[in-house]
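Here the structure comes first, spelled out in structure tokens, and everything after it is commentary.
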Amino acid sequence: MKIQRINDVALKVCTGLYLAVSLVLTFTVSDYYIFNRIGEFNFFFVLCQWIKKCGLLLLPLAVWYKKKCCADIAKYVLPLFIIVSCCTFGSFFDITMMTEGITHEQQVQNVFASINEFMPKAANMALFFIACVLELFCCASLFLRDGWKVNAKSFIYLPLAIVAVMPLNIFENFFDINVVRETSPFLLFKNFTLWHFLALAILVGFTVGCYYVLKRFDKKKQQDFLVAGAIVLLIQYHCKDSMLLGDGYNVYNNVFAALPLFICNIGVYVACLSVILKKRILYAISFFVHAAGALTVFIYFGKDEMSNYGIFCSYSILYFCLTHCLLFGLCVLPSAVGHYKFKLKDCVIPIIYYCLVIVVATVASGLVSTFLTTYSYDGYTLAIGDYGAPGVDMSPPNYAFTQVNPLPIPFDYIPFTIGNYTFYLSYIIALYVAYVGLFWIFTGGYYAFLAVRRRIFGGQSQKTTQKTEEIPIPLTLSEAALADTGDLEGKNAEITEENDEEKVN
């Protein structure tokens, strides 16, 4: 028994360390660079790196949530791919964006590369093998915890895990993104194109589909699925770090764009923590602020010159659609399935929170922009004119839209300076007011939806409630939970404030 307790503690500690080391490794060019260049690297190594990423999803669920199916897959599948990757890495650690050219374009690229490639090769290698050892140890500890017995049905979830952590730049092996941009303008993803409306349809279909799937389960299973979705979102979100350093994401190609100061980037952490920690204040911020934020960028992406999403199957658009669908789902589904009931008084802290976000984003945007336009490397100093240089599609960080106005309406009054950059207080205030207005519009739409739903299905809900009350006493726990799930505004969702607070907190 004592050995089991020691093993459980060691398993949790090592899983945490493995996740932390893996997070640091996303800030290397090599981590994601290989997946759209399979022909340049060992196919088996690339495959192993993909399968190894399943550990980022499987191990947390197996260790902290006791999911037997995840433990079975982890301990019987992952070790082989981990060992093979340690033997077939080839030139993986030699990947660099530095060039030896002397043209202006290459000088600018080298300056950005010197910022991005802050991790020495020796540290990259050390962390890579440390992560492998930790992942192997976790798999071995699962054997000690659960034994050798395995349920064959567990492996049904293996393809789902592989798809969930899919490197979204994998499709770029089949086309040259630069050539397609020039030869097939129809495929470009811009505002109000076919691909834009398809993305909106996917968002609606994904959210509604998840809602009806979750309704079939009890609260415990609903929570497990929401946590799994949160982990997938965090994995895909942080894979963008490596893309920024190598191929770039949208108009950004430096590590400072990985700072979570864009509204949706902050929302990733808030939404994920809300379903993991089940805290009312995090649910409220997710629902009131970040659901509307994720929805508005689906509806309007800003002026076309501010975005460079590429074609519909390029990394940038696939990443955007997947992460924002997951983000929107994690913001609204806990309320939809009854884990949390939004009340008007819950908007106070989110409104203050968003004000702080705007202030921090404005200051950070000015400081980062100043640094990037005064930084020197190898005798060359960046200048403001290098934004938009050939081959370096670099834009100001524009955290939370505080630096570049996405609308065609100017707000250039009451200027103030941060570093080398001028901001306008009139625009910052208008931005804050506009977004708070959008938050209220979204919330108003939510209440209007509930009112219509109650009017249409109210009688039906009462009949369902009466039938539920007539169910005989000998119910299983699972059946009772399912009978108590109900609709959004059914009688079972009408809980008192005291019970609501106790349940969430």
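Note that these values count all heavy atoms, side chains included, but never hydrogens, waters or copies made by symmetry.
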Basic-acidic side-chain contact under 4.0 Å: Lys341, Asp346 | no

Option among Phe197, Phe320, Phe206 that satisfies the ring-ring contact (aromatic ring centres under 6.0 Å, His included) test with Phe298 = Phe320

Between His324 and Val297, what is the shortest heavy-atom contact and its length?
-> CD2-CG2, 3.6 Å

For the residue pair Ser335 and Tyr446, confirm or rule out a side-chain donor-acceptor distance under 3.5 Å.
-> yes

Are a donor atom and an acceptor atom from the side chains of Glu117 and Thr96 found within less than 3.5 Å of each other?
-> yes

Is the closest side-chain donor-acceptor distance between Ser85 and Lys52 under 3.5 Å?
-> yes

Residues at least two apart in sequence or cross-chain that pass side chain to side chain donor-acceptor pair (under 3.5 Å) with Ser426, listed by chain then number, are none

Flag yes if more than 12 heavy atoms outside Tyr413 fall under 6.0 Å of its OH atom; otherwise flag no.
-> no

Short N-O contact, Asp247 and Arg37, less than 4.0 angstrom = yes

Are Glu172 and Asn36 close enough that a side-chain donor and a side-chain acceptor fall under 3.5 Å?
-> yes

When Tyr33, Phe41, Phe45 are each screened for ring-ring contact (aromatic ring centres under 6.0 Å, His included) with Phe92, the one that passes is Phe45

Of all heavy-atom pairs between Ile202 and Cys325, which one has the smallest distance, and what is that distance?
-> CG2-SG, 4.1 Å

